[in-house]
There are 2 protein chains.
Amino acid sequence: MPPRKRADAVRNEQTLLAAAAEVFVRSGVDAPIREIAAAAGVGMGTIYRHFPTRADLVVAVYRHQVEACAEAGPALLSTEDSAVAALRKWIDLFVDFLVTKHGLAGAMQSDSSGFASLHAYFLDRLGPVCGSLLDAAAEAGEIRAGVRPFELMRGIGNLCIGRDDDPCYDPRRLIALLLDGLSVQQ
Amino acid sequence: MPPRKRADAVRNEQTLLAAAAEVFVRSGVDAPIREIAAAAGVGMGTIYRHFPTRADLVVAVYRHQVEACAEAGPALLSTEDSAVAALRKWIDLFVDFLVTKHGLAGAMQSDSSGFASLHAYFLDRLGPVCGSLLDAAAEAGEIRAGVRPFELMRGIGNLCIGRDDDPCYDPRRLIALLLDGLSVQQ
DNA sequence: AACGATACGGAGCACTGTTCCGCTTTGTCA
DNA sequence: TGACAAAGCGGAACAGTGCTCCGTATCGTT
């Protein structure tokens, strides 16, 4: 059995995951390793030790983000003033996460089978969370009922496609529109 | 009206197109500029003057290859011993060309409209050439009749997908099989 | 406290895209 | 033909990047 990991190693890994996620959102998944290292406040060697290839890092960030996103759902629901506010904040996190996700798809041209399993994991983990946020907001009468979580997630995902091509295209603006349309009415 | 191009400039452009095509086949469309320049026996500055961006170069090579491929059809038919030999050699050229084509698709993530028109050009120009080779071989009784050119081109194109991923995957071997199957029988 | 084992940092190397400018070749015009 | 702009060429030089390697620092254990 392998010896337990050193405390600083675990700490660095967490820091890296968080920093890389931020950098990916800001500069895309092709951001220079140096930039990620700087953001995390570690040396490049540290990154390469934890994540030998870029794909390793992206995958790890992906899983980490799925987890964070999943945990944020209930947390926001108990923190925010209204269910719809929680939903909005959650979707904000979700959009950040999609950047990594789309970058991942690009970084995985070869191993598309591994990607499929990650995608399944993503749906299983996040679908219920999104569902409970929707339910809460619907029960509170803040949005219309009957919106299916997978539908919404899929739609938001699609709105986020191709964001790099055109700096004038801001998915968040459209998503905001979508959410406004969700508000109960008619 | 712009002054006529200098003789050495046109010569260099042709040399470059031919050299780049070779290098693309050997090293992919992401081959270093230096490598292409060396293969063509010119300086890097020359490449950048003729083709400011990599996409420009790839597109130019693409058109050049389509043209060469189209002209090679009739030429092979009159040079080779049999129609089927001409067909085989032509398909060999065609496969080389597909490398550029697939690389092009990758290099054109953004401008997909331009890509579509190039693809149409490709079909219009090469379909009839392939058709006449097939007809000649069929008439000579060297292959079975009834194979549609677009079908064959499409099939070969698909066999060439994903060749970089796996060094063990050699599309030409499969294509040879396909051609053997084409030989008249039954 | 002492001492391996483990992990860290970042200088250094290799390779790449891209620019820029002195030099060469070409075409033209007297 | 010879001279002379203009057009074109080459490749050194710069900047940015991935990745390695090893001296140093930190950790956990005894």
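Because the structure is predicted, anything quoted here is derived from the model rather than measured. Just so it is clear, the values below take in all heavy atoms, side chains as well, and ignore hydrogens, waters and symmetry mates. Residue numbers start from 1 in every chain, and the chains themselves are labelled A, B, ... in the order their sequence lines are given, proteins ahead of strands.
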Length of the line joining [X]:[atom1] and [N]:[atom2], which is rounded to integer Å:
| X | N | atom1 | atom2 | result |
| --- | --- | --- | --- | --- |
| B:Asp30 | D:dG18 | CG | C1' | 15 Å |
| A:Arg54 | D:dC19 | CZ | P | 8 Å |
| A:Ile33 | C:dG12 | CD1 | P | 20 Å |

Review point. Got a sec? Which of residues 35-49 of chain B come in under 4.0 Å of DNA chain C, heavy atoms?
Key: B:Met44, B:Tyr48
Review point. What residues in residues 11-22 of chain A put a non-hydrogen atom under 4.0 Å from any atom of DNA chain C?
Key: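 Contacting residues: A:Asn12.
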Sub-3.5 Å donor-acceptor pair from the side chain of [X] to the main-chain atoms of [Y], do we have one?
| X | Y | result |
| --- | --- | --- |
| B:Glu80 | B:Ala85 | no |
| A:Asp124 | A:Tyr121 | no |
| A:Arg63 | A:Leu118 | no |

Exercise for review: Classify the side chain of A:Arg34 and the base of C:dG12 as holding, or not holding, a donor-acceptor pair under 3.5 Å.
Suggested key: yes
Review point. Taking 4.0 angstrom as the limit, do B:Lys5 and B:Glu13 come out as a salt bridge?
Key: yes
Review point. What are the two closest non-hydrogen atoms of A:Ser132 and A:Leu77, and how far apart are they?
Key: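 Looking at all heavy atoms of both residues, the shortest contact is O-CD2, 4.3 Å.
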Taking distance alone, no hydrogens or angles, what donor-acceptor pairs closer than 3.5 Å link side-chain atoms of residues 19-42 of chain A to residues at least two apart or in another chain?
from, atom 1, to, atom 2, distance (Å)
A:Ser27, OG, A:Glu35, OE2, 2.8

**Study point:** OP1 or OP2 of D:dG8 under 4.0 Å from side-chain N/O of B:His50
**Key:** no
Check your understanding: salt bridge (charged side-chain N to carboxylate O under 4.0 Å, His left out) with B:Asp8: which residues, sequence neighbours excluded?
Key ->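 Counting only residues at least two positions away or on another chain, B:Asp8 forms a salt bridge (charged side-chain N to carboxylate O under 4.0 Å, His left out) with B:Arg6.
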Set out, line by line, the N/O atom pairs under 3.5 Å between protein and nucleotides 27-30 of chain C.
from, atom 1, to, atom 2, distance (Å)
C:dG27, OP1, B:Ala7, N, 3.2

Check your understanding: A:Thr53 and A:Asp56: side-chain donor and acceptor closer than 3.5 Å?
Key -> yes
Practice item. Provide the full list of ring-ring contact (aromatic ring centres under 6.0 Å, His included) pairs with a residue in residues 137-158 of chain B, sequence neighbours left out, each pair given once. Key: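 Every pair satisfying ring-ring contact (aromatic ring centres under 6.0 Å, His included) with a residue in residues 137-158 of chain B: there are none.
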**Study point:** Single-linkage hydrophobic cluster, 4.5 Å side-chain cutoff, B:Val10 and B:Phe51 together
**Key:** no
Practice item. Can you label the angle between the A:Trp90 ring and the A:Phe94 ring as parallel, tilted or perpendicular, going by 30° and 60°? Key: parallel
